[in-house]
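Got a structure here, written out as structure tokens. Questions coming.
Residue numbers begin at 1 in each chain, while the letters A, B, ... track the order of the sequences.
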Amino acid sequence: MAIQKIRKNSVPDPRLRFDPQSLGLKQFSREFFLLDTTHIARAIIGAWFCRRRDNQWYGARIVETEAYLGSTDAAAHSFRGRRTPRVEPMYMEGGHLYVFFVYGMHCCANMVTKPAGIAEAVLLRAAEGPETAPVKLLSGPGKLCAALGINVAHSGLDLLADADVRLFQSRVEDAKIGISKRIGVDYAGDAAAWPLRFFDMDSDAVSGPLKLRTPK
DNA sequence: CACATGATCGCCT
DNA sequence: GGCGATCATGTGG
């Protein structure tokens, strides 16, 4: 049925066809992914998250992210150094992908950051497809994965070694980036209020309640 | 728009 | 056994 399709889907929505190479976009370097996690979360707003399947490229422009700060962040899966098979990719060197399954039906994708051994990451919360795609198609972490066909089988992939999943540079003016607390982590005590969510204030694809969409 | 709820299941205690 | 780094739908203002 439809729901099962969403969970196991690895096929990108055809409306996301997009060739990053033809536009001359450049990939982020390994060094970039080793920088400060919060900086990276802000810096990849506007970047193109791309994937190749059957020799066809697909992609979407990131408009919303959240930073997860590892062992000291109660909202992070790696809080207090928790190290289980699921979370293991978070401990890899920056530039790897960490994908997890939640609520029995959705996947969420993260860019792992910092040197190996430090389990921090940036959650991709929303993106905009090319003109041909509906504005809300990737509005939310689960929808973003569903539309691009990203699932747990992609967890642990190296964006700088695996030719089929990549992140390309493209920036949004700092003045147009909004900041707020993170969504869906109210159980995390003090960490729930940390200002670690970043979004493109001009985008209609940003997810979450309207009241978190204004502040800066 | 805000808020509530059900769906659905792998992960961790 | 309980509970999510969610989403779609339904209700009421």
* So what's the dot-bracket for DNA chain B: Watson-Crick or G-U pairs under 3.5 Å, [ ] if a pair crosses, | if it pairs off-strand? -> |||||||.||||.

* Structure fact -> Out of B:dC12, B:dA2, C:dA5, minimum distance to the side chain of A:Tyr68 belongs to C:dA5

* Under 5.5 Å between ring centres and under 30° between planes: does that hold for A:Phe101 against the base of B:dG10? -> no

* Looking at CG of A:Asp200 and CZ of A:Arg171, how far apart are the two atoms once the value is rounded to the nearest 0.5 Å? -> 12.0 Å

* To do: Give a yes or no on whether A:Ile40 and A:Phe28 share a hydrophobic cluster (residues Ile, Leu, Val, Met, Phe, Trp, Tyr; joining criterion: side-chain heavy atoms under 4.5 Å apart).
  => yes

* Asked: B:dC3, C:dA5, B:dT13: which one has an atom nearest the side-chain heavy atoms of A:Phe100?
  -> C:dA5

* Could you tell me the separation between the CZ atom of A:Arg197 and the C1' atom of C:dA5, rounded to a whole number of Å? => 12 Å

* **Protein-nucleotide distance (A:Phe79, atom CZ; C:dG4, atom C1'), rounded to Å** => 16 Å

* Asked: Tell me: NE2 of A:His77 to C1' of C:dC3, nearest whole Å?
  -> 11 Å

* Asked: Is it true that the side chains of A:Ser10 and A:Arg53 contain a donor and an acceptor less than 3.5 Å apart?
  -> yes

* When you measure from the side chain of A:Lys211, which nucleotide among B:dA2, C:dG4, B:dC12 comes out closest? -> B:dA2

* To do: Send over the distance from A:Arg83 CZ to B:dT13 P, rounded to a whole Å.
  => 15 Å

* To do: Hey, could you give me the CG/CD1 distance between A:Leu196 and A:Ile179, rounded to the nearest 0.5 Å?
  => 9.5 Å

* Passes side-chain contact (heavy atoms from CB on, under 4.5 Å), A:Leu144 versus A:Ile62? Steps please. -> CA-CA 10 Å; A:Leu144 187 156; A:Ile62 298 168; 5.7 Å; no

* To do: Quick one: sort the A:Trp48 and A:Phe18 rings into parallel, tilted or perpendicular, breaks at 30° and 60°.
  => parallel

* Protein-nucleotide distance (A:Met111, atom CE; C:dA5, atom P), rounded to Å -> 19 Å

* To do: Please report, rounded to the nearest Å, how far the C1' atom of C:dA5 is from the CD atom of A:Glu120.
  => 15 Å

* Asked: Around atom CZ of A:Arg80, are there more than 12 heavy atoms of other residues, nucleotides or ligands at under 6.0 Å?
  -> no

* Run the salt-bridge test on A:Arg213 and A:Asp204 with the 4.0 Å N-O cut-off and return the result as yes or no. => no

* B:dC9 C1' sits how many Å from A:Asn151 CG, rounded? -> 15 Å

* Asked: Would A:Asp36 and A:Arg42 pass as an ion pair if we require N to O under 4.0 Å?
  -> no

* Once each nucleotide of nucleotides 6-13 of chain C is scored for protein heavy atoms under 4.0 Å, what B/S/- sequence comes out, 5' to 3'? -> BSS-----

* A:Glu88 CD - B:dC12 P separation (whole Å) -> 11 Å

